[in-house]
Amino acid sequence: MSDNKNKKIVILTGAGISAESGIKTFRDQNGLWEDHNILEVASPQGFERDPELVHRFYNMRRKQLLSSEVAPNEAHLAVARLQRELPNSEIFLITQNVDNLHERAGSPQVLHMHGELTKMRCIESKKVFEIKENISAHRACPCCLKEGNLRPHIVWFGETPFSMDEIYHHTAQCDLFIAIGTSGVVYPAAMLVDLARENGAHTLEFNLNDTQVSDSFHQHIVGPASQTVPKYVEELLNSTPHIT
Ligand code: BJW
């Protein structure tokens with residue numbers, strides 16, 4: 001994108017953008033799915049079978065996210081800068097990540113399609129609560145006061161990701177679709193590039209490696225997101241005429 005032609009941009013981020021902040025990805029070597037059985041900790045059936053185990057898994061990840069060892073990296077900061085500074089553009093940020101590093105980097109808008117680690121939901125009323133401390137299966141729900149009614153506000157396998165209508169709407173209309181640090185293994189996020197491309201968008205993938213959807217992108221930028229994304233953002237901002 002070398003001029004001011006493209007106006008609508010969709011950015012889709014995955015675990016790779018937070019890897020350099022110290023948060024494990026899922027499928028890389030030493031990733032979360034090496035130590036945890038996906039269906040035990042990330043499915044509605046797993047939660048029904050052993051809610052304590054599932055709460056422990058998310059307690060552990062929430063505690064790490066909120067510890068002083070984790071902070072947004074240069075890639076999160078660059079995305080936020082692009083959202084704030086690119087003139088004549090509408091940038092819609094979709095993240096599959098359940099961390100809050102885009103918000104902490106200053107992103108003015110973030111859609112969490114797979115939920116958020118710092119939120120819990122009542123399984124009856126569907127009300128969502130911000131809860132930052134550890135949760136046990138016996139914790140009483142703040143709305144119905146029943147024990148065991150709180151679940152992580154996370155999209156597990158077999159569940160529908162949040163705000164799909166909005167995601168499809170923005171993706172089908174964008175001029176530029178950028179995916180950062182996602183393996184392209186999990187649907188429906190993995191097919192958004194096809195939707196964008198079918199509707200005429202230029203498509204760009206940032207990743208450490210080739211992914212199983214790399215061929216769907218027009219352009220593939222290889223390297224750590226903390227280096228490649230800020231460089232790209234800098235170039236984009238410098239090549240875009242600013243309105244005074
Ligand atoms: C770097 C880097 C650096 C590292 N710089 N890059 C058979 C066929 C097709 C689909 C299905 C199927 N069977 C079942 C399905 C559906 C299923 C699915 O896709 N399964 C596949 C695994 C086969 N999907 C679902 O069930 C979803 N729901 C659904 O489909 O509902 C139906 C529906 C569809 C459409 C509309 C309406 C309804 C729900 C998916 C829920 C995903 N949940 C998880 C866990 C919960 C969140 C959590 O606990 O954190 O979400 S799974 C996990 O994977 C997590 C992630 O958000 C998601 C994606 O992972 P991500 O982000 O791509 O991470 P990795 O680890 O895979 O990749 C990291 C990448 O970064 C790598 O490529 C690295 O190279 C790169 N990298 N360091 C740049 N420094």
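What's counted below: heavy atoms across the whole structure, side chains too, no hydrogens, waters or symmetry copies. Count residues from 1 along the sequence.
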| field | Flag, side chain of N207 to backbone of T182, donor-acceptor distance under 3.5 Å | value | yes
| Can you tell me how far OG of S43 sits from CD of E159, rounded to the nearest 0.5 angstrom? | 8.5 Å
| task | Report the relative orientation of the aromatic rings in F57 and W33; use parallel for angles under 30°, tilted for 30 to 60°, perpendicular for over 60°. | result | parallel
| In Å and rounded to the nearest 0.5 Å, what is the CG to OH distance from L53 to Y58? | 10.5 Å
| task | Give a yes-or-no answer on whether the side chains of Q96 and T13 include a donor-acceptor pair shorter than 3.5 Å. | result | no
| task | Just jot down the side-chain hydrogen bond (donor to acceptor under 3.5 Å, both in side chains) partners of E48, sequence neighbours excluded, or say none. | result | none
| query | Which atom names give the shortest non-hydrogen contact between P152 and F47, and what distance separates them? | reply | CD-CE1, 4.1 Å
| said: Can you see whether E116 engages H153 through a side-chain donor-acceptor pair at a distance of less than 3.5 angstrom? | reply: no
| request: Check C144 against N149 and note the closest heavy-atom contact, atom names and distance. | output: SG-ND2, 3.3 Å
| query | Between the side chains of S107 and H76, is a donor N or O closer than 3.5 angstrom to an acceptor N or O? | reply | no
| said: Can you confirm whether V70 sits close enough to I23 that some side-chain heavy atom of one is under 4.5 Å from a side-chain heavy atom of the other? | reply: yes
| message | With rounding to the nearest 0.5 angstrom, report the CD1 to CG distance, I9 to L93. | response | 11.5 Å
| query | Just wondering, do I123 and C141 contact through their side chains at under 4.5 Å, heavy atoms? | reply | no
| message | When you measure from the side chain of E85 to the backbone of R81, do you find a donor-acceptor pair of N or O atoms at a distance under 3.5 Å? | response | no
| With a 4.5 Å heavy-atom cut-off, do V213 and M191 have their side chains touching? | no
| request: Measure the CD-CG distance between E234 and L82 for me, rounded to the nearest 0.5 Å. | output: 11.0 Å
| Set of salt bridge (charged side-chain N to carboxylate O under 4.0 Å, His left out) partners for E52, sequence neighbours left out | none
| said: Please list all pairs meeting side-chain hydrogen bond (donor to acceptor under 3.5 Å, both in side chains) that have one or both residues in residues 160-171, counting only residues at least two apart or in different chains. | reply: none
| request: Decide whether S18 and S21 meet the rule of one side-chain donor and one side-chain acceptor closer than 3.5 Å. | output: no
| query | Going by heavy atoms in the side chains, are Q212 and S183 under 4.5 Å from each other? | reply | no
| Side-chain contact, heavy-atom cut-off 4.5 Å: H220 with F206? | no
| query | Below 4.0 angstrom, N of the basic side chain to O of the carboxylate: do E124 and K146 qualify? | reply | yes
| request: For Q83 and Q109, indicate whether the former's side chain and the latter's backbone hold a donor-acceptor pair under 3.5 Å. | output: yes
| said: Checking side-chain polar atoms at under 3.5 Å, does H114 have a donor or acceptor matched by the opposite partner on N97? | reply: no
| task | Applying salt bridge (charged side-chain N to carboxylate O under 4.0 Å, His left out), run through D99 and R104 and close with a yes or a no. | result | CA-CA 10 Å; D99 66 49; R104 283 159 63 184; over 6 Å; no
| query | Do N100 and V110 come close enough that some side-chain heavy atom pair is under 4.5 Å? | reply | no
| note | Residues joined to V155 in its hydrophobic cluster, side chain to side chain under 4.5 Å directly or through other members, sorted by chain and number, are F162
| query | Is there a donor-acceptor contact under 3.5 Å from the side chain of N88 to the main chain of K7? | reply | no
| task | Answer yes or no: is there a donor N or O on one side and an acceptor on the other, between the side chain of S89 and the main chain of P87, under 3.5 Å? | result | yes
| Main-chain N/O of S226 paired with E20 side-chain donor or acceptor, under 3.5 Å | yes
| field | Residue pair V222 / L208, side-chain heavy-atom distance below 4.5 Å | value | no
| note | Residue pairs meeting ring pair (Phe, Tyr, Trp, His ring centres under 6.0 Å), one or both in residues 124-149, sequence neighbours left out, come to none
| Nearest heavy-atom neighbours spanning S214 and T211 | OG-N, 2.7 Å
| remark: Heavy atoms of Q64 and S67 approach each other most closely as O-OG, 2.7 Å
| Just by distance, with hydrogens left out, do R62 and N59 show a side-chain donor and acceptor under 3.5 Å apart? | yes
| Side chain of R197, backbone of S216: donor and acceptor closer than 3.5 Å? | yes
| field | Shortest non-hydrogen contact between G106 and R84, atoms and distance | value | O-NH1, 3.6 Å
| field | Qualifying residues under side-chain hydrogen bond (donor to acceptor under 3.5 Å, both in side chains), relative to D50, sequence neighbours excluded | value | none
| message | Please check: side-chain N/O of D175 versus main-chain N/O of A201, any donor-acceptor pairing under 3.5 Å? | response | no
| Does the distance from a Lys or Arg side-chain N to an Asp or Glu carboxylate O, for K231 and E74, drop under 4.0 Å? | no
| task | Work out which heavy atom in V10 is nearest to a heavy atom in C174; give both atom names and the distance. | result | CG2-CB, 3.7 Å
| Would Q219 and T203 count as having a side-chain donor-acceptor pair, cut-off 3.5 Å? | no
